[in-house]
Amino acid sequence: MEREALAADIAGLSRLDTDELRQRWKAIYGKSPSREIGRSFLTRAITYRLQERAYGGLKPSTCRLLARAVEETGTGASKGPQTRRAQSGTILIREWRGKAHRVTMLDDGVSFNGKRYRSLSEVAREITGSRWSGPRFFGLRSQNTKNNHAAT
């Protein structure tokens with residue numbers, strides 16, 4: 001496809017309604033897109049595939065790098081939440097219901113409001129009145145699990 005034709009084809013995508021974009025996706029990718037995919041993503045994915053066909057895809061070295069990254073993450077399932085460690089002396093601030101709460105990490109626990117606690121979870125419980133994962137509450141653990149209110 002020559003440049004002008006490609007540019008015209010891509011520009012024409014903006015004039016298609018969502019159902020027409022879905023039909024175009026199916027023609028290009030060989031299967032229907034998920035109903036959850038919105039207009040913006042449909043347009044970008046179709047544009048990418050048109051450009052890929054005209055100019056070529058990713059370099060083999062990039063494909064190998066991506067394949068290696070996928071291998072390292074296993075089957076795509078999460079290996080569990082990613083946790084960051086806070087060193088002694090680190091100050092963590094968490095806003096809860098309009099009030100900022102500040103904790104200081106210690107070698108053997110946590111300091112909050114002049115009192116020593118064994119864990120961040122104890123502090124989170126003190127702040128919220130319910131059981132929370134302290135590392136999740138203070139942003140040290142990713143929230144890629146369904147229940148953000150899980151206890152530790």
dist Thr47:OG1 -> Arg24:CZ (nearest 0.5 Å) comes out at 9.0 Å
Going by the angle between their ring planes, with limits at 30° and 60°, are Trp132 and Trp96 parallel, tilted or perpendicular?
-> perpendicular
Heavy atoms only: give me the nearest Val110-Leu120 pair and the separation to one decimal.
-> CG2-N, 3.8 Å
Check: Ile127 and Phe138 side chains under 4.5 Å, non-hydrogen atoms = yes
Under 3.5 Å donor-acceptor, Arg94 side chain and Phe137 backbone | yes
Sequence neighbours excluded - ring-ring contact (aromatic ring centres under 6.0 Å, His included) pairs with any residue from residues 6-39 = Trp25-Tyr29
Between Arg49 and Glu52, does at least one N-O distance fall below 4.0 Å, as a salt bridge requires?
-> yes
What is the minimum heavy-atom distance between Pro33 and Ile37, and which atoms define it?
-> CB-CD1, 4.2 Å
Is any side-chain heavy atom of Val103 closer than 4.5 Å to a side-chain heavy atom of Tyr117?
-> no
Count the heavy atoms belonging to other residues, nucleotides or ligands that lie under 6.0 Å from CZ of Arg39, then report whether that count exceeds 12.
-> yes
Over 12 non-hydrogen atoms of neighbours within 6.0 angstrom of CD in Gln87 | no
For Pro135 and Ser121, work out which heavy atoms get closest and say how close.
-> CD-OG, 4.0 Å
Looking only at heavy atoms, which two atoms of Arg118 and Glu122 are closest? And how far apart?
-> NH2-OE2, 2.9 Å
Taken to the nearest 0.5 Å, the spacing of Glu126 CD from His101 NE2 works out to 10.0 Å
About how many Å separate OG of Ser111 and CZ of Arg116, when rounded to the nearest 0.5 Å?
-> 7.5 Å
Quick one: CG on Leu21 to CD1 on Ile46, what's the gap to the nearest 0.5 Å?
-> 5.0 Å
State which residues pass side-chain contact (heavy atoms from CB on, under 4.5 Å) with Glu20; sequence neighbours excluded, sorted by chain then number.
-> Leu16, Asp17
With distance as the sole test, does Arg22 use its side chain to make a donor-acceptor pair with the main-chain N or O of Ser34 at under 3.5 Å?
-> yes
Look up atom CG in Leu6 and atom CG in Leu50, then write down how far apart they are to the nearest 0.5 Å.
-> 6.5 Å
Check whether Ile28 and Leu42 end up in the same hydrophobic cluster, where Ile, Leu, Val, Met, Phe, Trp and Tyr are linked by side-chain heavy atoms less than 4.5 Å apart.
-> yes
